[in-house]
A.B. asks: 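Could you have a look at this structure, given as structure tokens, before my questions?
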Amino acid sequence: MTQPTSSHPTQTVDAVIVGAGFGGLYMLHRLRKLDLTTRVFEAGTGVGGTWYWNRYPGARCDVESMQYSYSFSEDLQQKWSWSELFASQPEILRYANHVADQLDLRRDITFETRVVAAAFDEAANRWTVRTDKGDVVSARFCIMATGCLSTARKPDFPGMDSFKGQTFHTGHWPHEGVDLTGLRVGVIGTGSSAIQAIPVIAQQAAEVTVFQRTPNFSIPSRNGPMRPEYEAQWKATYPEQRAKARMSRNGVLTNPNDFSAMSVSDQERLRILEERWQAGGTVFMAAFNDLVLNQQSNDAAAEFVRGKIRSLVKDPATAELLTPKNHPIGTKRICVDTDYFLTYNRDNVKLVDVSKAPIEALTESGLRIGSTEYAFDAIVFATGFDAMTGTLTRIDIRGRDGETLAAKWEAGPRTYLGLMTAGFPNLFMITGPGSPSVLSNMIVSIEQHVDWITDCIASLGARQIDRIEANRDAEDNWVAHVNEVAFKTLYPSANSWYMGANIPGKPRVFMPYIGGVGNYRVKCQEIAANDYEGFELSSSAQAVAAE
Ligand code: N01
């Protein structure tokens, strides 16, 4: 990696945006409309963020295509057509590229360049941003569009380098694709990525051995080709549907039932759960309004899915291993699959439980658990991400008084609204910790943050205010509120990546905001309307006048 050598800015702009995924692309578009000069830095060779990196077999979105797309442009949403109910990764990546082309975004994006540091200069009220290619850019605003799941993580098993076969991480899948035909493949992990990848890998590979630490609840997607009448119906009603989604609980229209699972008879509960199971996808969790609030309601839904797993998997011992028992349904990210459980009925697929006897080491030929050696040609790590904070704290971000973000967040992320953090003026985060982000349709939340940040920057400009910073009290209150609402739910009881539980040593803090996308949007609007309540606004001119 080339280290920056010069300390003099090679470029001076109004704003630097870090990342050219869906957040960075839309942010660039909005800032251009304000006539701000903007430079985007992107580590990849192309746009798309999550959808650029996660190219593993079977990768697709589990929010319906008609809802997982930008809503800001009527032209874009009317002209683009999705081929399937749930879009595959290649199609979503084509969409990101289409948007970049349509809006002519590439000319302000520097690719293959990673931001490594950003330091705030208090006297100038500006950020100095450095990249691994030696760029030093001075910017009034620094906007982190770095994504919530962008730092892939492999466990640090002893002997990681000794394995002679190929290794892959789902979040860094080779762009040229991988031919696993006829190979013996080990897959480590059974989260959303693995649950999508395993059925596809099993069709190619000679043998697949899945190493499972925690079984997961998964709902069939019922994916299929886009029906023209369904697409037409959406397109005809987009304005109303998008408005509804923005004010919904998680940014997805799930046709939620607004009553408790305990308020209906046993027979009626089963009928509703069956109806949702047949409909497929995450709408399952909207069968009742208290599935993540009430243990009894949750138990009923969980038991229903356990019954489905037992009926789908032929071998009773394998079925039992695949049946989740240690966390309430939905409190680890609910998975959506195509034939995941049925895949274990194939002769070439084997499940190994590593919950009690963990993987001890990688070896030359594969991996070892106790005295048992497993030999492979390839090992797939579907082991997840240092979610929500990992990417931000790996950048050397220094705010006022040289405080680093990594140090400030040592005991867990602290933000005001997930948009800013005290001590780091003019630094915005798109879908930062403390905002609905990963508990929502990411594009809905991205658009809401980008619109809020744009309005904020425009308002500061109009009033010649050149500095905005979250107030520590407002931040403390927000963090307390984020915790309070989280602990009213069943979520914190699970060892999930929402809680930082997948990373050894990471503080156990529930990171996203669970108060609901619509409520959160209203809160953000009220705060802005109330002259950015909880933020401190100032300008160099005022500071000089006060001296
Ligand atoms: O990662 P994960 P992911 N030994 O962290 C296991 C989004 N997403 O990439 O549960 C053995 O969920 C780990 O076990 P455990 C979505 O938000 C969306 O699958 O920690 N196993 C777990 O099973 C999702 O939640 C989509 O006990 C080890 C797995 O690895 C998020 O991305 C598709 C281990 C990691 O699962 C992350 O999903 C894909 C070890 N040492 C992803 N270390 C869609 O929209 C870890 N594991 C469809």
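Position 1 is the first residue of the sequence; numbering continues from there. Just follow the structure's listing: the first ligand is 1, and inside any ligand the first atom is 1.
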A.B. asks: Is it the side chain (CB and beyond), the backbone, both or neither of Ser193 that lies under 4.0 Å from ligand 1, heavy atoms counted?
C.D. replies: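 Within the 4.0 Å criterion, Ser193 contacts ligand 1 through backbone and side-chain atoms alike.
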A.B. asks: Determine, for Tyr52 and Arg55, whether the Lys NZ or Arg CZ falls below 6.0 Å from the six-membered ring centre while staying within 45 degrees of the axis.
C.D. replies: yes
A.B. asks: At under 4.0 Å between heavy atoms, is it the side chain or the backbone of Tyr56 that contacts ligand 1, or both, or neither?
C.D. replies: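 Answer for Tyr56: side chain.
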A.B. asks: Under a heavy-atom criterion of less than 4.0 Å, does Val336 contact ligand 1?
C.D. replies: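 Per 4.0 Å heavy-atom rule, Val336 does not contact ligand 1.
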A.B. asks: Counting heavy atoms only, which part of Asp62 comes closer than 4.0 Å to ligand 1: side chain, backbone, both or neither?
C.D. replies: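 It is both parts that get close, each with some atom under 4.0 Å.
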A.B. asks: For atom 29 (C) of ligand 1, grab the closest protein heavy atom and report residue, atom and distance to one decimal in Å.
C.D. replies: Ala382 O, 3.2 Å
A.B. asks: Have a look at ligand 1 and work out which part of Gln212, if any, has a heavy atom under 4.0 Å from it: side chain, backbone, both or neither.
C.D. replies: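 The answer is neither.
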A.B. asks: Determine whether any heavy atom of Phe211 lies closer than 4.0 Å to an atom of ligand 1.
C.D. replies: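 In this structure, Phe211 fails to qualify as a contact of ligand 1 - no heavy atom is under 4.0 Å.
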A.B. asks: Sub-3.5 Å donor-acceptor pair from the side chain of Asp290 to the main-chain atoms of Ala261, do we have one?
C.D. replies: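 Yes, Asp290 side chain to Ala261 backbone: donor-acceptor pair under 3.5 Å.
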A.B. asks: For Glu42 and Arg114, what are the C-alpha separation, side-chain angles and deciding distance, and is it a salt bridge (charged side-chain N to carboxylate O under 4.0 Å, His left out)?
C.D. replies: CA-CA 6 Å; Glu42 165 55 54; Arg114 190 175 281 280; over 6 Å; no
A.B. asks: At a 4.0 Å cut-off, with the gap strictly under it, does some heavy atom of Phe157 reach an atom of ligand 1?
C.D. replies: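 Within the 4.0 Å threshold, so yes.
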A.B. asks: Cut-off 3.5 Å, side chains only: do Ser218 and Asn216 have a donor facing an acceptor?
C.D. replies: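 Short answer, no.
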A.B. asks: So for Lys332, does at least one of its heavy atoms come nearer than 4.0 angstrom to any atom of ligand 1?
C.D. replies: yes
A.B. asks: Under a heavy-atom criterion of less than 4.0 Å, does Val438 contact ligand 1?
C.D. replies: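 Not so, Val438 does not reach ligand 1.
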